[in-house]
Amino acid sequence: MTWRDTLSRSRRTVRWPQGQYAAATIGVALEAFENQSQLRLAGRPGQRDSFSLSYGEYGVRVGVWRLLELFDDLAVKASFSVSGRLARDWPDVVKAVADAGHDLVGHGWVNDVFLNEADAGAERDIIVRTLDAIEKAAGTRPTGWASPANSSTERTKQIMVDSGLTWSGDDASDDLPYVEPVGDGRLAVLPKANLSANDLIHWILPTNSPRVFAEGFADTLAVAWAEGEAGRPQWADMVLHCHMAGRPAFLPTLRRCLLEARRHELVWWTTKDTLAAWTLKNGFAR
């Protein structure tokens with residue numbers, strides 16, 4: 001037996017609905033905060049910071065509309081991870097996102113309160129209260145969940161199943177989605193296929209040019225496509241934050257990135273709800 005025989009047995013193979021070489025998705029965070037957003041210019045982590053909060057508020061006031069217009073121009077759909085408090089306080093915005101045909105994903109009550117700092121009762125309350133607020137705002141209940149900062153616990157997946165959720169985004173152990181048994185139920189797990197294209201990680205925190213983000217997504221999609229052509233279809237994803245990617249300095253790069261990516265043939269442009277449903281339907285196992 002050669003190392004290539006071992007590789008063939010070890011690497012999973014999935015298939016996409018029409019034999020596409022790659023799947024591609026867009027994740028968008030529409031977030032509220034308690035004490036501070038991801039950007040602060042002074043003070044300590046966790047300290048209330050009015051300027052940092054105002055930076056985060058840009059997303060619901062301005063950034064979300066630029067992104068919705070761009071997605072409409074390019075005829076793409078995205079998956080919006082929404083904070084429960086934002087849905088409570090800005091229901092018309094959340095409904096507009098849903099009315100435009102995008103997924104709504106549960107994303108915690110606020111983005112700077114983490115599940116792994118809550119006890120079991122508080123964790124369950126955060127998840128249920130968030131889903132209730134989004135459903136009340138948009139008239140549709142999320143089927144997926146991505147914890148703030150991926151801060152899930154050993155309890156989270158069971159709470160998801162108990163709450164009627166069908167997929168989780170709190171994983172970074174794979175390139176491809178898979179089905180995980182949870183108690184008497186199951187979840188589709190959609191790993192972080194977006195670590196190479198995240199506006200927070202590649203633009204804001206390191207103060208890079210937005211081009212670094214675009215290069216990361218282009219390279220990921222190129223490798224996914226090539227591996228798919230060779231018989232192992234893959235998945236490429238990106239993460240945008242309304243209060244970051246919705247700013248004028250980033251938007252032109254994002255437009256060029258998506259236009260270039262859309263030129264690829266045999267790419268399944270989908271949403272995470274649909275990707276998760278396909279994963280469950282086909283029982284992709286690990």
Side-chain angles (χ1 to χ4, degrees), residues 25-41 46 48-74 76-114 126-127 129-142 144-151 169 194 198-201 203-205 210 213 238-255 271-273:
T25 53
I26 301 168
V28 184
L30 181 56
E31 296 169 337
F33 302 88
E34 181 69 32
N35 291 312
Q36 59 182 232
S37 69
Q38 297 93 337
L39 180 71
R40 60 184 174 85
L41 303 181
R48 190 166 182 84
D49 185 325
S50 295
F51 175 80
S52 181
L53 290 170
S54 74
Y55 180 85
E57 192 174 313
Y58 183 95
V60 72
R61 291 189 178 276
V62 183
V64 64
W65 304 119
R66 283 204 180 99
L67 293 176
L68 287 177
E69 287 181 328
L70 175 63
F71 297 154
D72 187 61
D73 287 347
L74 300 184
V76 296
K77 301 301 181 185
S79 301
F80 279 72
S81 295
V82 180
S83 300
R85 191 165 80 181
L86 186 141
R88 183 197 69 186
D89 295 345
W90 299 83
D92 291 349
V93 175
V94 175
K95 189 173 189 310
V97 171
D99 288 348
H102 304 287
D103 291 350
L104 298 177
V105 181
H107 192 42
W109 187 249
V110 290
N111 200 59
D112 53 338
V113 172
F114 307 126
I126 289 170
I127 292 173
R129 188 156 43 106
T130 298
L131 299 176
D132 288 347
I134 295 171
E135 183 177 23
K136 183 176 180 180
T140 182
R141 195 170 184 84
W145 180 271
S147 301
N150 304 295
S151 59
N194 50 45
N198 181 317
D199 56 359
L200 172 63
I201 295 173
W203 181 43
I204 295 298
L205 293 184
F213 167 95
M238 66 171 64
V239 173
L240 310 168
H241 296 73
C242 291
H243 54 293
M244 300 174 196
R247 293 177 186 265
F250 192 88
L251 207 71
T253 297
L254 177 60
R255 178 182 288 274
T271 68
K272 293 183 181 180
D273 281 359

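Numbers here are sequence positions counted from 1.
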Least distance between heavy atoms, [X] atom then [Y] atom:
{"X": "Phe51", "Y": "Ser54", "value": "O-OG, 2.6 Å"}
{"X": "Ser83", "Y": "Ala32", "value": "OG-N, 3.0 Å"}
{"X": "Gly84", "Y": "Ala133", "value": "O-CB, 3.5 Å"}

Between Leu67 and Cys242, does a side chain to side chain contact (heavy atoms under 4.5 Å, CB included) hold up when you go through it step by step?
-> CA-CA 7 Å; Leu67 293 176; Cys242 291; 4.0 Å; yes
From the list Thr25, Asp103, Asp273, side-chain hydrogen bond (donor to acceptor under 3.5 Å, both in side chains) partner of Ser79 resolves to Asp103
Quick check for you: to the nearest 0.5 Å, what is the distance between [X] atom [atom1] and [Y] atom [atom2]?
{"X": "Asn35", "Y": "Leu53", "atom1": "CG", "atom2": "CG", "value": "7.0 Å"}
{"X": "His107", "Y": "Ile134", "atom1": "NE2", "atom2": "CD1", "value": "10.0 Å"}
{"X": "Leu30", "Y": "Asn111", "atom1": "CG", "atom2": "CG", "value": "10.5 Å"}
{"X": "Arg247", "Y": "Leu254", "atom1": "CZ", "atom2": "CG", "value": "14.5 Å"}
{"X": "Leu240", "Y": "Leu251", "atom1": "CG", "atom2": "CG", "value": "9.5 Å"}
{"X": "Met244", "Y": "Gln38", "atom1": "CE", "atom2": "CD", "value": "4.0 Å"}

List the residues meeting side-chain contact (heavy atoms from CB on, under 4.5 Å) with [X], not counting sequence neighbours, and say none if there are none.
{"X": "Ala138", "value": "Val94, Ala98, Leu104, Thr140"}
{"X": "Arg40", "value": "Gln36, Pro45, Asp49, Ser52"}
{"X": "Ala100", "value": "Leu68, His102"}

Derivation and outcome, side chain to side chain contact (heavy atoms under 4.5 Å, CB included), residues Arg66 and Val62: CA-CA 7 Å; Arg66 283 204 180 99; Val62 183; 3.5 Å; yes
Residues 77-92 vs salt bridge (Lys or Arg N to Asp or Glu O under 4.0 Å), sequence neighbours excluded, gives Glu34-Arg85
So salt bridge (Lys or Arg N to Asp or Glu O under 4.0 Å) across residues 52-63, not counting sequence neighbours, yields Glu57-Arg61
Requested in this report: Decide yes or no for Glu31 and Val82: does some side-chain heavy atom of the first lie under 4.5 Å from some side-chain heavy atom of the second?
Outcome: no
For this session: Would you mind reporting whether Phe71 and Val28 have side-chain heavy atoms less than 4.5 Å apart?
Result: yes
- What's the verdict on side chain to side chain contact (heavy atoms under 4.5 Å, CB included) for Val64 and Phe80, showing C-alpha distance, side-chain angles and the deciding distance? CA-CA 10 Å; Val64 64; Phe80 279 72; 4.1 Å; yes
**Prompt:** After noting the C-alpha distance and the side-chain angles of Val239 and Leu200, does the key distance pass the side chain to side chain contact (heavy atoms under 4.5 Å, CB included) rule?
**Reply:** CA-CA 8 Å; Val239 173; Leu200 172 63; over 6 Å; no
Sorted by chain and residue number, the ring pair (Phe, Tyr, Trp, His ring centres under 6.0 Å) partners of His243 (sequence neighbours excluded) come out as Phe33, Tyr55, His241
### Query
Under 30°, 30 to 60°, or over 60°: which ring-plane class applies to Phe250 and Phe213, parallel, tilted or perpendicular?
perpendicular
